[in-house]
Protein chains: 2
Amino acid sequence: MATRHNRDVNTPAPTDSAAVRRANLSLVLRYVAAHGPCARTEVAAGTGLVHASVTALVADLIDRGLVAEAGAAASTGRGRPRRPVRLVPGRVRTTAVHVAWGYSTVMTSDLAGVTGRPRRLPNSGGPFGPLEVLADDIASAVDAVGPPEPGVHHGRLVIALSGPVTERDQDAPSPARSASHLARLVADRLPGPPCPVDVVNDAKAAALAEYHALAVGGGTVAYVKSDAGVAGALIVDGRVFHGSHGLAGELGHIPVSLDGPVCRCGATGCLTTYVSTRAVLEEAGLGGSTAPHHVSAALTELDHRLRAGEPVALAALDRAGHALGAALQSLAGVADPDHVVLGGRLADWLPWLRPGIDARLAARRGAFPAFSPAVTPGHLGDEAALHGALAAGREHILADPAAVPKGA
Amino acid sequence: MATRHNRDVNTPAPTDSAAVRRANLSLVLRYVAAHGPCARTEVAAGTGLVHASVTALVADLIDRGLVAEAGAAASTGRGRPRRPVRLVPGRVRTTAVHVAWGYSTVMTSDLAGVTGRPRRLPNSGGPFGPLEVLADDIASAVDAVGPPEPGVHHGRLVIALSGPVTERDQDAPSPARSASHLARLVADRLPGPPCPVDVVNDAKAAALAEYHALAVGGGTVAYVKSDAGVAGALIVDGRVFHGSHGLAGELGHIPVSLDGPVCRCGATGCLTTYVSTRAVLEEAGLGGSTAPHHVSAALTELDHRLRAGEPVALAALDRAGHALGAALQSLAGVADPDHVVLGGRLADWLPWLRPGIDARLAARRGAFPAFSPAVTPGHLGDEAALHGALAAGREHILADPAAVPKGA
DNA sequence: TTTTATTTTCAACGGTTGAAAAATTAGAAG
DNA sequence: CTTCTAATTTTTCAACCGTTGAAAATAAAA
């Protein structure tokens, strides 16, 4: 009988020479990806590896088709000229699907982050329907981008969605609605060779994308967005911070006031009751149906009124700004981020929200000068989740280039 | 000229066979430390390493004096009997000093966590004085426990203190008050061979200790304490979460109410103004001098009145409980911990605080059933910071057993 | 041709692995 | 009671893999 291994899930796997190779391949690939075309000497200096190792590792990456010699670089003086290498465009294809209510968006990217155009397709409902229907929708969205060309390695498919399918199985409401279950259903529906599928939360993915867009090398970044609901996430040193139940950074039900409106969750004074699209529209006198086309028209009207300086609209945003400011003050006290990125409608509304936010955060500046987070609008708009899902997919390749087969 | 390496500080070091050895030695040592006396076969099954590797790794650890063969274990049947190994008591000595106002406490521990008795010594002030004075005090505290016996490896000295000497240099108010500067000053004052010195925040250390005492294998744990001031920390998967400026988890200035008392920090309604010792004593009609002996007497008196059911005292604690509950609701919304540990006076007061806390958290339970954190008193009392500092020191040995020299 | 800088080659070293051997005991057989 | 066999743990050893350092090869400028 073969030896049975019953390692704890928490204990790390033992390290062997394969792990060493994986780690160093990753190190070199990340360096090339981050620094563009660069010679082996530069890689050696930048990574701490010895020239001989870089030669071997780069040769391995070339075998896998991930990097290639770039055209001769400008001579830097005398001596043997450098032979820079760069990422091979299009060698791996990462696919992301963002499932929203009524439509899905699909987009692909290569390792360098060069994306295809996003395609938007109607779907049968949204993230809350039966998993089988969801899986059908996702598979047909993937089908819409067509099969990869020969020679292109099929990387991960990453699905971003909100709702009861959580990112980590342990946080799922039931095993039947677990991320891994959905991933399996989708994988079974995809033609061709089996493809690894990941499921991520859309707010967490958007947060990751905005984090990368900020291009700060580390630190804590918070993301808060408001569309249909209020959602958010925390990114710590480039990784999503989940908390114990996957709810970290979900500011929707943070208490803003002791005597505020009653929230659907049962509590009073939740942030949602101040800054959700529905709440702001109602406060501005534009409430009514929650049908998408009506909400869309109301948002346009709100924008007009804000620009026209209509007092009721301004008051609604001022109220939301103060509430958001209070929530961010709590966020700052707990998580101590250096950036807070606002997404969804909050990004559009930021000019009118800012006075309220600043008024609240000014209090914190009194306690901790210069330690107050910078509040900025997101750069990626509604595509943030899609970009974040692609970044998560690329990260798998960057972390383990050996997963891409050798021999072009 | 030797090759110059200019690696980014953020890029990981390259991996080589020494790193493999380090990682696997650590894996085996952690297993033995966690599971007590255990045979090589058990280690192999538990870690995923092969028998041959475990033999070599255990032999290495025996060479370093970290583990030794334990007395023969009870036979488990036929076959060659197991030869369990266990940690060698007292092989390494980790020293921790906790600097408080007016006195310091020093304690030592070996790798198994067997501690000496804590010794309390008066000091020249506290964490806020000149670093040179602080270093003198710390060095004399270390001196009080005497030099290690021959054959004992001198591990880290870990200094726990609050105040402007932060745990990470990047968070220090100025380079002159940085943790590494203090560490250097202390190291220079210690007799004998140079000893690595770490500086940690006392609340973060206490949080780490209470996290270990909970014996949950991972997840997010928050710690909040109130003594002179309110402090706290977050532990995520066994490691301190610092945030961008080292302030994560410091709930003292989280906003609890929009119209509360004005805090010394300038803001209104900070948690500190409700649950600090001073605030509670004043609210209970026991305010007055802040001299230590007076505060101590007032606390005793407060305890009497609480047990006697005196209404003003009960009201003061009820008010504090509601404020703390609101802060924990924010904490739960941002960091999503599964445990909140209360330390300092909060642990003593918990019976009277609990109704207020529960009233607030009940609201959150409406939104996320079963996702509400458990609120418990700390197990370690005033020695928590000391234990956490020792745990941090032990962690260095567990992470890199190769730092302990071979050859007894 | 010399100098300089980059890249490659190669033997050496350290670490893990798998298989085989050694060690050691309990139970079965004689 | 002795001997043998089966079972289990531990150790040994050759093989393999990856990094390293030094030397060699390469290539262009001076």
Side-chain angles (χ1 to χ4, degrees), chain A residues 1-5 12-28 32 37-63 67 69-70 72-85 401-402 406, chain B residues 1-5 12-28 37-63 67 69-70 72-85 400-402 406:
Chain A
M1 189 181 71
T3 308
R4 289 294 299 275
H5 294 246
T15 310
D16 59 6
S17 61
V20 171
R21 187 62 163 203
R22 242 191 328 270
N24 288 338
L25 276 178
S26 170
L27 195 59
V28 171
V32 173
C38 52
R40 291 163 178 78
T41 302
E42 299 169 51
V43 176
T47 59
L49 286 158
V50 156
H51 289 164
S53 306
V54 173
T55 295
L57 290 162
V58 167
D60 191 328
L61 292 173
I62 290 176
D63 270 359
V67 307
E69 309 250 338
S75 167
T76 57
R78 55 182 165 179
R80 181 173 175 173
R82 299 178 166 193
R83 302 180 64 221
V85 294
K406 279 191 182 183
Chain B
M1 191 179 72
T3 308
R4 288 296 297 274
H5 294 247
T15 311
D16 59 6
S17 61
V20 172
R21 187 61 162 203
R22 240 190 331 268
N24 287 338
L25 275 178
S26 170
L27 195 60
V28 171
C38 52
R40 291 164 178 79
T41 302
E42 299 169 52
V43 176
T47 60
L49 287 158
V50 156
H51 289 163
S53 306
V54 174
T55 295
L57 290 163
V58 167
D60 191 328
L61 292 173
I62 290 176
D63 270 0
V67 308
E69 310 250 337
S75 168
T76 57
R78 56 181 164 179
R80 179 172 174 172
R82 300 178 167 195
R83 305 183 56 223
V85 294
D400 183 15
K406 279 192 180 182

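Here is how names work: the chains are called A, B, and so on, in the same order as the sequence lines, proteins then strands, and each is numbered from 1. The figures here come from the full heavy-atom set of this structure, side chains too, leaving out hydrogens, waters and symmetry mates.
- Ranked by how close their nearest DNA chain C nucleotide is to the 5' end, B/A52 and B/A18 are led by B/A18.
- Checked against D/dT10, D/dA25, D/dT20, the side chain of A/R80 finds its nearest nucleotide in D/dA25.
- OP1 or OP2 of C/dT8 lies within a sub-4.0 Å distance of a side-chain N or O belonging to A/R40.
- The listed nucleotides are D/dA27, D/dG21, D/dT9; the one nearest the side chain of A/P81 is D/dA27.
- At distances below 3.5 Å, at least one donor-acceptor pair connects side-chain atoms of A/R40 with backbone N or O atoms of A/R83.
- The CZ atom of A/R83 sits 10 Å away from the P atom of D/dA28 (whole-angstrom rounding).
- Of the possible donor and acceptor atoms, none in the side chain of A/N24 sits under 3.5 Å from a partner among the backbone N and O of B/P14.
- The side chain of B/R78 approaches D/dA6 more closely than any other nucleotide in the set D/dT20, D/dA6, C/dT16.
- The shortest distance between the side-chain N/O atoms of B/T41 and the OP1/OP2 oxygens of D/dT8 is not below 4.0 Å.
- Distances from the side chain of A/V50 to the nucleotides C/dG18, D/dG21, C/dG15 place D/dG21 closest.
- Between B/N24 and C/dG15 there is no side-chain N or O to OP1 or OP2 distance below 4.0 Å.
- Positionally, the nearest nucleotide of DNA chain D for A/S17 lies more toward the 5' end than for the other of A/G79 and A/S17.
- Applying the 4.0 Å criterion to OP1 and OP2 of D/dT11, one finds that B/T55 has a side-chain N or O inside that range.
- Rounded to whole angstrom, the span from the CZ atom of B/R22 across to the P atom of C/dG14 amounts to 15 Å.
- Shown here for A/T41 and A/H51, the closest heavy-atom pair between the two residues is CG2-NE2, 4.0 Å.
- In this structure, A/A39 and A/T15 both approach DNA chain C, and ranking their closest nucleotides by distance from the 5' end singles out A/A39.
- For the side-chain contact (heavy atoms from CB on, under 4.5 Å) criterion with A/P401, the lone passing option out of A/L61, A/D60, A/L27, A/L57 is A/L61.
- OP1 or OP2 of D/dT20 has at least one side-chain nitrogen or oxygen of A/S53 nearer than 4.0 Å.
- The closest side-chain heavy-atom distance from A/C38 to A/V32 is below 4.5 Å.
- Of the candidate nucleotides D/dT10, C/dT16, C/dT7, C/dT16 has the atom nearest to the side chain of A/D16.
- Here C/dG14 presents its C1' atom at 11 Å from NZ of B/K406, a figure rounded to the nearest Å.
- Taking only side-chain nitrogens and oxygens, A/R21 comes nearer than 4.0 Å to OP1 or OP2 of D/dT19.
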